[in-house]
Protein chains: 2
Amino acid sequence: MTGKRVLTTRENAVPALAEAFREHGFEGASLAVLSKATGLGKGSLYNFFPGGKEEMMEAVLADVDRWFAATIFAPLEQAEDPAAAITGMIEAVTAYFRSGRRVCLVGALGLNAGGEAFATTINGYFSRWIEALAHCLEVATVPATSAAHLAEEAVSGIQGAIVLARALGEADAFNRIVERQRATLLAAIRGYATS
Amino acid sequence: MTGKRVLTTRENAVPALAEAFREHGFEGASLAVLSKATGLGKGSLYNFFPGGKEEMMEAVLADVDRWFAATIFAPLEQAEDPAAAITGMIEAVTAYFRSGRRVCLVGALGLNAGGEAFATTINGYFSRWIEALAHCLEVATVPATSAAHLAEEAVSGIQGAIVLARALGEADAFNRIVERQRATLLAAIRGYATS
DNA sequence: ATCGAGTTGTACCGACCGGTACAACTTACG
DNA sequence: CGTAAGTTGTACCGGTCGGTACAACTCGAT
């Protein structure tokens with residue numbers, strides 16, 4: 001226990017790894033790419049992440065999950081002000097995904113095979129998001145089944161907005177779609193719960 | 001011009017290539033994978049696709065585009081019976097994507113970098129889909145701006161449904177979401193065009 | 001100054017990558 | 001049957017993959 005943390009890098013490198021995985025995918029992000037992205041040599045990377053790429057991705061996913069839990073899930077779950085929580089979610093998501101220019105790491109990982117190793121993490125990410133949003137809607141006037149459907153649709157819609165905005169190279173498409181999601185959710189809160 | 005087509009394979013191999021690209025992505029689909037998927041050796045593959053993987057993907061995308069144009073876009077564009085065209089679109093899409101178990105090749109290609117080489121094809125696929133659906137809605141009572149928004153939202157929603165169903169490993173999620181899209185579109189046709 | 005735990009770059013490994021070359025084969029036509 | 005165009009498997013190329021080994025280095029504690 002002499003040298004503690006000389007330059008403290010492991011947690012420091014995670015955001016750079018996340019960006020690299022987002023841009024190139026899990027299989028596409030070679031060690032050369034990850035090394036350049038972090039500024040660390042292979043030796044350093046394997047020193048911090050002995051499990052290799054898989055452990056790096058696990059660390060990234062844990063970091064992403066922590067961020068979403070604190071910034072998005074928690075406000076929805078406590079839901080003292082449902083409308084504000086939903087508006088906050090939309091704004092946070094728009095900023096985080098940079099209007100669709102930035103890919104959702106978890107969603108993309110679930111699409112391409114090779115993400116099977118992280119299946120439970122991926123499932124948990126979306127499950128918790130949907131449940132948190134549904135709970136927030138239930139705290140408002142929305143009945144349980146409608147809340148579940150609306151939540152599922154909103155989370156799905158955000159993912160679709162990312163795909164479409166990327167495909168069209170049109171960030172405004174993301175903003176438009178997500179804004180409509182917000183309006184739908186807020187309308188439901190105000191008592192227009194559909195069947 | 002003696003040997004015509006001995007076993008006529010080029011067009012015959014495209015569906016197998018498409019499945020391989022869907023399952024492994026563009027970068028993840030190695031020549032070994034493609035060879036096994038098609039049952040053809042590397043020599044045969046390069047005989048039919050001298051441009052390598054890129055030409056194979058182009059052929060696959062052209063095939064996908066042909067299928068969508070004939071099965072989905074054309075009925076929307078002629079739109080003699082808008083409601084029937086929309087219901088047909090939803091049913092065809094559900095069958096094609098196997099309730100989300102099957103990935104949308106074009107959407108996934110747009111997410112992961114490396115699909116940049118096919119950017120215009122990807123853009124065209126989604127643009128035409130949205131425009132065809134919007135035109136179909138316009139043929140019904142829906143005003144132009146609402147039609148454009150609804151169409152954009154529906155196509156985006158289908159992509160999101162694929163992402164979510166895959167992430168949750170729950171095919172029913174796809175069916176639920178897509179069914180709601182159908183209901184929304186048909187409701188709009190019946191005159192409930194929103195702002 | 002010395003030591004040792006922690007950190008880093010670099011050389012290297014076998015495996016596999018996309019792609020090429022080419023000999024062996026199949027087949028239609030004369 | 002002979003031949004040539006078309007098709008196929010296989011060996012091979014340089015390069016890169018993920019991962020390992022290890023010597024050189026940093027730096028706080030003594």
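Each chain gets a letter, A, B and so on, in the order the sequences are listed, and its residues count up from 1.
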Rounded to whole Å, the CZ-C1' distance (B/Phe21 to C/dG18) equals 12 Å
Send over the distance from B/Arg10 CZ to D/dT8 P, rounded to a whole Å. 13 Å
Can we say B/Arg176 and A/Glu153 salt-bridge, meaning some charged N sits less than 4.0 Å from an Asp/Glu carboxylate O? no
NA contact type, A/Gly52, heavy-atom cut-off 4.0 Å: base, sugar-phosphate, or nothing? sugar-phosphate
B/Lys36 has an atom NZ; how far is it from atom C1' of D/dG9, in whole Å? 17 Å
Per-residue pairing states of DNA chain C in dot-bracket (Watson-Crick or G-U under 3.5 Å; . unpaired, | other strand) read ||||||||||||||||||||||||||||||
From CZ of A/Phe48 over to P of C/dG6, roughly how many Å is that when rounded to an integer? 12 Å
Flag side-chain contact, heavy atom, 4.5 Å: A/Gln159 against A/Cys104: yes
Would you mind reading off the distance between B/Tyr46 atom OH and D/dT7 atom C1', rounded to a whole angstrom? 17 Å
Atom-pair distance (NZ on A/Lys53; P on D/dT20), nearest Å: 14 Å
Measuring to OP1 and OP2 of C/dC17, would you say a side-chain N or O of B/Ser30 lies under 4.0 angstrom away? yes
Looking at A/Arg182 and A/Glu179, is any side-chain nitrogen of the basic one under 4.0 Å from a carboxylate oxygen of the acidic one? yes
